[in-house]
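Structure first, then comments.
Per chain, numbering begins at 1; letters A, B, ... match sequence-line order.
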Amino acid sequence: MVPQGVILTEDSLRLAVNYFLTRDSFSFDVESSGDYRDQPHLASISWISLATYGCCIVIPLDHPIGTKVIGTKKVPMKYKTGKKIGETYFKAVPEYEGPPEQLDLALVFGILAPLFSHPKIVKTGHDVIYDLVVVSKYLGFVPVPPYFDTKIAFWTLNENRMRNGLKEWTEERYDHKYDFENVGKCAESHPFDTVAYYSYCDSKFDWLHYKWLKQQIADQGLQKIYDLEMNILNVLIGMRLSGVRIDVEKLKQLRADLRVEVVQLEGNIYAAAGKKFNINSNPQKQQILFGKKSEGNQGLKPWKLTAKGREIKDANGKLELIHYSTDDEVLASYPDNPLAHAMREYGDVSKILSTYVESWLGTEDEPAKIYDGRIHAGFLQYGTVTGRFSCRSPNLQNLPRSSSDMGKMIRDVFISEPGGKLVVADYSQIELVILAHYIGEGKLYEAFMQGIDPHTMTAAMVLGKDPADVSKVERQDLGKTLGFAVVYGAGLGKVASMAHITFDEAKRVLKTHERMFPEIHQFKQDVLDLARSRQPVPYITTLMGRKRRVPDLNMEDTYFNRKYIMGAERQTFNSLIQGGAADLIKLAMVRLDATLPDEAKLVLSVHDELAITAPDGMVFEVENTVREAMTGAGIQKLVRVPLRIDLHTGDRWGDIK
DNA sequence: TCGCACCGCGCC
DNA sequence: AAAGGGCGCGGTGCGA
């Protein structure tokens, strides 16, 4: 007889695990507790549940309370952040009986170990990387692949759907709701039986979804891309566990310096405005900049609408000051206004201080994002519609670039492991490589084959010059801008402002581009036609078979729909390119993980860039491994244009580039 | 008090 | 005539 439900004895646990060991797959889920539940490498585990064919067990490990209410007690009131409101405010909460005696944690993981180390049994979960990282700590090893992730599977099947949570899908597919109190957020405060049922359902339904998803992935031709995603899980677990090392002292010094600077810049603003106001408030900025001079404001003429403002204008609504933008482009358009100037200076520094310094170091209310001298950011596979990773807690994919002073200071805080170096490699022109790969013969392709910089080639063709005669500015303004225009679908206005030319000039430039690169424009049209030929929902597939569905491509062509259709066309084409680049970097990561020496670690992935920390004595070996992983034959075979990387090695991220 | 919309902005 | 693809996050201000 195989046990079911709550497991409180060693015998029943052993019986259950013996049964699980005879199956080919199981799903599992952990409930964590403590202050670090959003940091899986630190989280404490209080429950674990497992489900497979005909069996679902729930193992409480450290639940503090029972089920029966025996009275009420008063506890200090707290904000959701965990901070106490004060010593004098209390609220009454139910008091529960003591919990049943629970199995010893070490014993449980000792018994579960053969299951998690089994090389044939699939371990599945919902956002399973979290659970895999949590149990790694208790098992003493990272669970052995193969893995399956139901969240990533749902996303692979429909990357546009925003709500891919286990709860949403369980309600949708089984019309079953089991979480009425957000138990997962704070399991330890809920009665024993409630958590037991919750944990049971998490595993049980994950298991049911798994069986369905597995088939769907295969049926929809997505096996190859899904396998790639699953192969990366192991890499991401490693990145999450090791994190990236931070020079905390340097960061604290930077905080001190920037705080002083921000105070000074605030003072400049108040002086220029002639009064104090909240500089971070847009409405107040709009009032002061654009309000009447006679009322003590600057009386500047607003000219750029915000997104909301454009919407209102389109609907013939009434425009007010709050619908006009105060962004940097606008501020820069008043070069003679001291307040606008002061605001620009302040914006730079305060943004960097709050986003990259204060929030990492933490405040009284917000916990720091640095633990043990490392940042353990989360790289999410299901975070984008194109197949790229997103990154959060904190986002390490949007640090200011080291070409600016501020960016250099921030990136200098990222350091290698002691006695090692950071090796950073990025693909050069990856998006244009993919474009040229698809188009084949043509000037862009030729440029790559001859080793000519593609932006230079673009500028040369549009200007009717030899590439050797193209100036730096022409390459940057014209070549690069047109590259963006192609890949992102930029319009006239954007091209004009990016290339620093007039509207009419932009029009001519785009016309010339179309004449000189007809194959690019033809290819765009072909991509859209192919996508539209797929019905009921149009889609494209990337280099490795990833799908991007674009329902709006189907909209009826009316005046009002026009902008949505054109937006959908830009998304479609960009997804082909951006998604292909994502395929390549993900494949490179898998290849790298398989060949990198144990002493070196992949620590960052930023779209087309990888960073690895390597011991001093192994730098040369690691560099070669990275080069082979990113450009070797096994990956080069995917594109007919040579893949190239720029590779740099240094002590700090800021040293590089 | 909190969740959300909105703005603005950092990156590729 | 006009059209910027993909993210996460900090801050403000509003309304539930």
Side-chain angles (χ1 to χ4, degrees), chain A residues 77-81 85 159 277-286 304-311 314 322-331 343-344 347-348 350-360 363 366 369 377-380 383-404 406-407 410-411 426-427 429-431 481 483-498 503 506-507 510 548 550 559 562-579 581-582 585 604-609:
Chain A
M77 275 175 67
K78 286 179 177 177
Y79 292 111
K80 282 214 170 149
T81 53
I85 287 174
E159 69 289 343
F277 64 102
N278 186 344
I279 304 170
N280 295 321
S281 162
N282 257 319
Q284 294 184 41
K285 265 159 85 173
Q286 285 149 340
K304 183 179 178 181
L305 292 168
T306 64
K308 188 77 192 161
R310 277 194 302 276
E311 216 174 90
D314 285 350
I322 57 161
H323 299 128
Y324 286 93
S325 170
T326 60
D327 70 13
D328 190 65
E329 189 191 4
V330 172
L331 295 179
M343 281 178 170
R344 293 186 73 192
D348 267 3
S350 81
K351 186 72 183 181
I352 289 191
L353 177 60
S354 60
T355 305
Y356 304 105
V357 182
E358 298 282 11
S359 83
W360 291 357
T363 62
E366 287 293 318
K369 297 195 173 77
F379 289 85
L380 270 59
T384 69
V385 290
T386 54
R388 272 186 178 177
F389 290 113
S390 73
C391 180
R392 68 180 186 197
S393 312
N395 183 0
L396 299 181
Q397 296 188 144
N398 72 343
L399 309 198
R401 307 158 64 167
S402 33
S403 52
S404 71
M406 207 76 79
I410 298 289
R411 289 190 184 227
D426 67 294
Y427 279 118
Q429 308 287 3
I430 190 67
E431 297 191 328
T481 298
F484 280 129
V486 169
V487 175
Y488 300 155
L492 278 185
K494 213 65 200 178
V495 169
S497 77
M498 282 180 70
F503 224 79
K507 212 173 191 171
L510 281 171
R548 171 76 202 274
V550 192
Y559 176 80
R562 199 66 191 238
K563 65 180 170 193
Y564 300 108
I565 295 172
M566 305 199 80
E569 291 179 346
R570 290 191 293 272
Q571 288 174 332
T572 304
F573 187 75
N574 180 258
S575 293
L576 180 73
I577 307 292
Q578 195 186 113
I585 198 86
L604 292 168
S605 168
V606 188
H607 308 311
D608 65 352
E609 173 182 7

*asked:* How many whole angstroms separate atom OH of A:Tyr324 from atom P of B:dC7?
replied: 14 Å
*Take the protein atom CZ of A:Arg310 and the nucleotide atom P of B:dC7, then report the distance between them rounded to whole Å.*
9 Å
*When you get a sec, tell me which of C:dG6, B:dC7, B:dG10 is the closest nucleotide to the side chain of A:Pro400?*
B:dG10
*asked:* Among C:dG5, B:dC11, B:dC9, which nucleotide has an atom closest to any side-chain atom of A:Arg401?
replied: B:dC11
*Say whether, by atom type as modelled, one donor and one acceptor occur between the side chain of A:Gln286 and the main chain of A:Ile322 under 3.5 angstrom.*
yes
*Has A:Phe277 got more than 12 heavy atoms of other residues, nucleotides or ligands less than 6.0 Å from its CZ?*
yes
*Has the side chain of A:Tyr356 got a donor or acceptor atom that lies under 3.5 Å from a matching backbone atom of A:Asn398?*
yes
*Report which part of the nucleic acid A:Val606 touches: base, sugar-phosphate, or nothing (heavy-atom distance under 4.0 Å, all strands).*
sugar-phosphate
_Please report the distance, rounded to the nearest Å, between CD1 in A:Ile585 and C1' in C:dG6._
15 Å
*Would you say the side chain of A:Thr306 lies within less than 4.5 Å of the side chain of A:Asp327, judging by non-hydrogen atoms?*
no
_Closest-nucleotide 5' rank along DNA chain C - winner of A:Val385 and A:Ala490_ = A:Ala490
*Does C:dG5 have OP1 or OP2 sitting under 4.0 Å from an N or O in the side chain of A:Arg548?*
no
*With a non-hydrogen cut-off below 4.0 angstrom, is A:Tyr559 in contact with a base, only sugar-phosphate, or nothing?*
nothing
*Judged by atom type as modelled, is there a donor-acceptor pair below 3.5 Å linking the side chain of A:Arg548 to the main-chain atoms of A:Thr572?*
no
*asked:* Under 4.0 Å from OP1 or OP2 of C:dG13: is there any side-chain N or O of A:Ser281 that close?
replied: yes
*Would you mind classifying the nucleic acid contact of A:Leu492 as base, sugar-phosphate or nothing, using non-hydrogen atoms under 4.0 angstrom?*
base
*Send over the distance from A:Asn280 CG to B:dC9 P, rounded to a whole Å.*
12 Å
*Counting only N and O atoms by type, is there a donor-acceptor contact under 3.5 Å from the side chain of A:Gln284 to the main-chain atoms of A:Asn278?*
yes
*Just wondering, do A:Leu604 and A:Glu609 contact through their side chains at under 4.5 Å, heavy atoms?*
no
_Separation of C:dG11 C1' from A:Glu366 CD (nearest whole Å)_ = 13 Å
*asked:* Looking at A:Arg388, I'd like to know whether one of its side-chain N or O atoms comes within less than 4.0 Å of OP1 or OP2 on B:dC11.
replied: no
_Short side-chain N/O contact to C:dT12 OP1/OP2 from A:Asn278, under 4.0 Å_ = yes
*Name the nucleic acid region contacted by A:Arg562, choosing base, sugar-phosphate or nothing; use a 4.0 angstrom heavy-atom cut-off, strictly under.*
nothing
*asked:* For the backbone of A:Gln578 and the side chain of A:Arg388, can you confirm whether one donor and one acceptor N or O come within less than 3.5 Å of each other?
replied: no
*Looking at A:Gln284, does any N or O in its side chain come under 4.0 Å of the phosphate oxygens OP1/OP2 on C:dG13?*
yes
*Of the nucleotides B:dC9, C:dG6, C:dA1, which has the atom closest to the A:Lys507 side chain?*
C:dA1
*Between B:dC7 atom P and A:Asp328 atom CG, what is the distance in whole Å?*
17 Å
*NA contact type, A:Ala307, heavy-atom cut-off 4.0 Å: base, sugar-phosphate, or nothing?*
sugar-phosphate
*asked:* Classify A:Gln571 by what it touches in the nucleic acid, base, sugar-phosphate, or nothing, heavy-atom distance under 4.0 Å.
replied: sugar-phosphate
*Would you kindly give the CZ-to-P distance between A:Phe379 and C:dC7, to the nearest whole Å?*
16 Å
Restricting both atoms to N or O, compile the protein contacts to nucleotides 8-10 of chain C shorter than 3.5 Å, with distance only.
from, atom 1, to, atom 2, distance (Å)
C:dG8, OP1, A:Ser390, OG, 2.7
C:dG8, O4', A:Asn395, ND2, 2.9
C:dC9, OP1, A:Ser393, N, 2.8
C:dG10, OP1, A:Ser359, OG, 3.4

*Rounded to the nearest Å, what distance is computed from the NE2 atom of residue A:His607 to the P atom of nucleotide C:dG6?*
13 Å
